[in-house]
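Data first, discussion second: the structure below is written as structure tokens.
Since this is a predicted model, take the numbers as computed values, not measurements. Hydrogens, waters and symmetry mates play no part in the numbers below; they use all other heavy atoms, side chains included. In what follows, every chain begins at residue 1, and chains take the letters A, B, ... in the order their sequences are listed.
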Amino acid sequence: MTLNLDELNPQQRAAVEATEGPILVIAGAGSGKTRVITTRIIHLCGKGVSPYQILAMTFTNKAAMEMRHRIGMTLERNTNDLTISTFHSFCARFLRREIGYLDRDRGFAIFDTQDQTTCLKRVIRNLGLDEKSNPVAHFRNKFSYLKNTGDLETEPEFDLDRQIFQAYRKELLAQNALDFDDLLLFTCRILTEFDECRQRYQSRFQYIMVDEYQDTNKIQARLIRLLLNDKNNLCVVGDEDQSIYGWRGAEIQNILDFEKHYPGAQTFKLEQNYRSTQRILDYANKAIAYNEQRKPKKLWTASKGGPPISIRDEYSGMSEAENIVQAIIERHEKKNIPYNEFAILFRSNFLSRSLEEMFRRYQLPYQLIGGLKFYDRKEIKDLLTYMRIVVNPKDWTSFVRAIGVPTRGIGVKSQDKLYAIYSDGYTLPEMFDHAIREKVLSGKAHKSLVEFRALYRRLAAKANEEAPEIWLESVIKELDYLSYLEKQDEATAEYRVENINELLGAMVELRSQGVETLAQFMDFSALVSDQDELEDDRPKVNMMTVHAAKGLEFDSVFVMGLEDGLFPNQRALAENSNAVEEERRLFYVAVTRARKRLYLSYARQRQTYGSTVANPKSRFLIAPGEDTDSDNQSLFTRSSRTQRKAPIGELHEQVNRMKEQLARRDVDIDFGALDKNPRLKSGDVVRHAKFGQGTVSATRGTGELTTVTVYFPGKGTKTLVAKMAKLQKVF
DNA sequence: TACGATAAACTTTTT
DNA sequence: GTTTATCGTA
């Protein structure tokens with residue numbers, strides 16, 4: 001074993017060597033956090049601790065794999081005994097073993113957001129409620145937040161909410177399904193209620209480490225507390241300046257009050273940054289200093305100077321995208337920086353659209369992280385659905401999907417009849433038998449169901465005999481699924497078949513990593529995170545949300561869409577200063593991803609929803625000073641250079657350029673928007689006769705049709721036709 | 001019941 | 001500008 005502690009700086013080394021009792025490591029961006037955790041584990045093993053006794057929680061499965069790999073390389077031994085995983089994966093594995101304590105079946109399904117939605121719709125329908133006035137997404141978010149922030153038995157306050165909540169939980173129970181939040185909740189429940197079980201795990205895990213502690217929520221903190229024995233050998237690592245998950249219940253207090261929660265805790269601060277240039281760090285430090293809820297901290301680096309930060313004032317979303325593309329090409333060609341060393345970050349997923357278009361036009365290779373996940377794609381979900389009904393014969397949600405792919409003439413009406421039987425407590429195969437025996441369905445539908453039952457029996461019989469990918473191939477054949485895809489949409493069929501091949505390939509590959517059964521594969525596919533899908537070994541430019549970029553770093557980083565209303569986004573602006581502070585932390589995370597070059601940009605107007613919106617530049621952008629350069633020649637195309645010299649010519653030049661583009665492609669651009677300056681702009685305060693004073697969040701369209709979206713405190717956000725609403729500008 | 005066409009609603013951020 | 005909901009028709 002080779003472990004050289006001399007390679008660490010004094011603070012890192014102290015954090016590694018402090019093995020006993022509660023330890024808090026405040027690790028600024030790029031301060032070698034991952035290195036400290038891995039080295040610490042190696043150091044523990046060197047001291048004779050068995051890997052079996054160590055538990056480390058990471059934020060992504062990928063990070064877990066990488067750490068395991070590094071540790072294995074150094075220790076020169078197998079690391080299977082070491083538990084490194086995400087909270088959710090840990091709980092899924094825990095529950096597959098231990099859920100019997102709650103009298104539940106180990107074959108439970110894990111419902112993702114889509115499944116949750118389907119299930120909740122069924123619940124709302126069952127209760128005879130109207131879907132329109134009871135939007136599913138609202139309840140989904142509400143229940144999720146509750147499960148993550150409440151105590152184990154917390155229920156909603158309002159009657160209707162509670163009624164739906166209870167019905168939802170009952171439905172999940174009937175379908176033997178757990179949603180993402182249940183994974184944590186049920187694990188905590190078992191560890192709380194069953195002393196024998198808790199003691200087993202407490203005596204096993206002697207050392208626990210948690211990464212990204214600033215993003216843990218109440219239930220996660222509780223879980224850690226339950227797993228800890230009286231030695232309290234807990235080491236948490238995090239940075240309150242990078243807390244960006246408040247909206248899903250993360251409690252920044254977990255890290256701020258760590259010393260209070262764990263008396264006698266030792267604290268180490270890692271402030272030396274090994275990632276970015278001094279320029280980038282200075283900029284980040286200045287930006288985050290505007291936040292009030294933080295402990296003062298200053299990152300520094302040994303690498304002085306660095307190129308200035310580029311801040312670009314763009315005319316439109318299009319020119320923003322185009323200039324990013326050109327800056328990448330230039331840096332790639334001149335400095336030989338590989339494409340995968342570039343990242344373009346944005347606040348919201350929809351901003352990727354204009355980028356993608358531009359990348360395709362310039363034929364630059366890129367990968368978009370987030371958005372639709374691989375395992376959420378239709379063709380993948382369709383096939384996995386069959387896997388799920390076989391593994392969990394109570395999964396009604398998946399059954400509904402399976403019966404409709406391909407269509408079999410069993411529609412909503414027949415489904416309702418079948419559901420009536422199912423909801424008496426039958427499993428799916430029992431329900432088939434019953435419905436067929438009693439001839440519940442009419443002619444054609446009945447015949448279809450008989451066929452479906454036969455198919456189900458064939459697939460179920462083979463499920464435990466064959467390797468997962470062989471089994472799935474037989475599903476594809478039985479369904480004649482490839483012809484189905486062809487029939488559905490010729491244009492996308494080829495691409496979808498490629499994805500299916502990738503799925504089969506992944507199943508083979510995962511078998512070597514211990515994913516051998518259909519159930520294990522289901523867990524894996526349910527819990528992949530965005531970052532897990534990142535291919536970092538291909539020369540492709542990365543595009544992702546700032547959230548998805550957490551923990552990553554790149555040579556060059558572009559942060560786009562820096563406009564009030566987008567970043568910080570409208571909701572945060574409408575809420576309170578806490579929300580804006582979280583947005584600012586998000587901005588801090590974004591800029592600290594960059595090693596050498598940082599490019600910030602905003603557009604005076606951009607297309608959203610198909611209409612034009614104009615937002616002022618983001619409040620997060622600090623006025624250009626010695627660290628920044630808003631006049632960086634090499635980055636600008638000729639036309640935008642002209643733009644700065646002669647602002648009056650700007651419009652015509654841009655219009656002509658866009659018209660040219662328009663001629664080349666069949667895209668509609670609203671030129672009307674260029675002629676008039678909307679009088680009101682985002683951030684203006686206006687008075688409305690009925691609603692009182694409010695803040696403008698966005699303006700859309702031009703002339704007669706201009707609409708203004710205004711947030712009125714206590715009354716919500718209203719979209720008004722400017723001309724009709726007679727808004728008075730206050731300031 | 002399936003499937004097409006048309007209208008409405010929609011965008012934070014994620015496991 | 002895109003996805004989902006609803007309606008009418010085969």
For this session: Return the nearest nucleotide to the side chain of A:K121; candidates are C:dA5, B:dT1, B:dT13.
Result: C:dA5
Problem set entry | Proximal nucleotide (of C:dA5, B:dT14, B:dT15) relative to the A:Y245 side chain | B:dT14
Exercise. Can a side chain N or O of A:S529 be found less than 4.0 Å away from OP1 or OP2 on B:dT14?
Worked result: no
Problem set entry | Nearest-nucleotide pick for A:D181, side chain only, options being B:dT1, B:dT15, B:dT13 | B:dT15
Problem set entry | Electrostatic pair A:K381-A:D115, nearest N-O below 4.0 angstrom | yes
For this session: Answer with base, sugar-phosphate or nothing: what part of the nucleic acid does A:D530 contact at a heavy-atom distance below 4.0 Å?
Result: sugar-phosphate
For this session: Go through B:dT1, B:dT15, B:dT13 for me and flag the one nearest to the A:K373 side chain.
Result: B:dT15
For this session: Using distance alone, with no hydrogens and no angle criterion, decide if A:Y375 and A:D112 have a side-chain donor and acceptor under 3.5 Å apart.
Result: no
Exercise. With under 30° as parallel and over 60° as perpendicular, where do the rings of A:F90 and A:F94 fit, or are they tilted in between?
Worked result: parallel
Exercise. Do the side chain of A:R571 and the base of B:dT12 come within less than 3.5 angstrom through a donor-acceptor pair of N or O atoms?
Worked result: no
For this session: Please work out if A:I410 contacts a base, only the sugar-phosphate, or nothing of the nucleic acid, heavy-atom cut-off 4.0 Å.
Result: sugar-phosphate
Seminar exercise, completed: Among the nucleotides B:dT15, B:dT12, B:dT13, whichever has the atom closest to the side chain of A:F180 is B:dT15
Problem set entry | Salt bridge flag under 4.0 Å for residues A:D536 and A:K62 | yes
Exercise. Within this structure, what is the CZ-to-C1' distance between A:R140 and B:dT13, rounded to whole angstrom?
Worked result: 13 Å
Problem set entry | Nearest to side-chain heavy atoms of A:N349, which nucleotide of B:dT11, B:dT14, B:dT1 | B:dT14
Exercise. To the nearest Å, how far apart are A:L178 CG and B:dT15 P?
Worked result: 18 Å
Exercise. Checking all strands, does A:K444 fall into the base, sugar-phosphate, or nothing category for heavy-atom contacts under 4.0 angstrom?
Worked result: nothing
For this session: Give the rounded distance in Å between these two atoms: CG of A:N148 and P of B:dT14.
Result: 15 Å
Seminar exercise, completed: Whichever of A:R353 and A:L527 has the more 5' nearest nucleotide on DNA chain B, that residue is A:R353
Exercise. When we call it a touch if two heavy atoms are under 4.0 Å apart, what does A:S414 touch: a base, just sugar-phosphate, or nothing?
Worked result: sugar-phosphate
Exercise. Of the candidate nucleotides B:dT14, B:dT12, B:dT15, which contains the atom at the shortest distance from the side chain of A:R347?
Worked result: B:dT12
Exercise. Would you call A:E582 and A:R585 a salt bridge, taking side-chain N to carboxylate O under 4.0 Å as the test?
Worked result: yes
Exercise. Between atom CD in A:E212 and atom C1' in B:dT14, what is the gap in whole Å?
Worked result: 14 Å
For this session: May I ask you to verify if any side-chain N or O of A:T407 is less than 4.0 angstrom from the OP1 or OP2 atom of B:dT1?
Result: no
Exercise. More 5' along DNA chain B: A:F350 or A:A526, using each one's nearest nucleotide?
Worked result: A:F350
Problem set entry | P atoms of B:dT11 and C:dT6, separation to the nearest Å | 16 Å
Seminar exercise, completed: note: A:Q531, atom CD; B:dT13, atom C1'; distance rounded to Å ~ 14 Å
Seminar exercise, completed: Taken in chain and number order and not counting sequence neighbours, the residues that satisfy side-chain contact (heavy atoms from CB on, under 4.5 Å) with A:E553 are A:R275, A:R595
Seminar exercise, completed: In whole angstroms, the gap separating P of C:dT2 from NZ of A:K378 amounts to 20 Å
Problem set entry | A:K62 NZ - B:dT14 P separation (whole Å) | 16 Å
Seminar exercise, completed: To the nearest angstrom, the CZ-P distance between A:F346 and B:dT11 comes to 17 Å
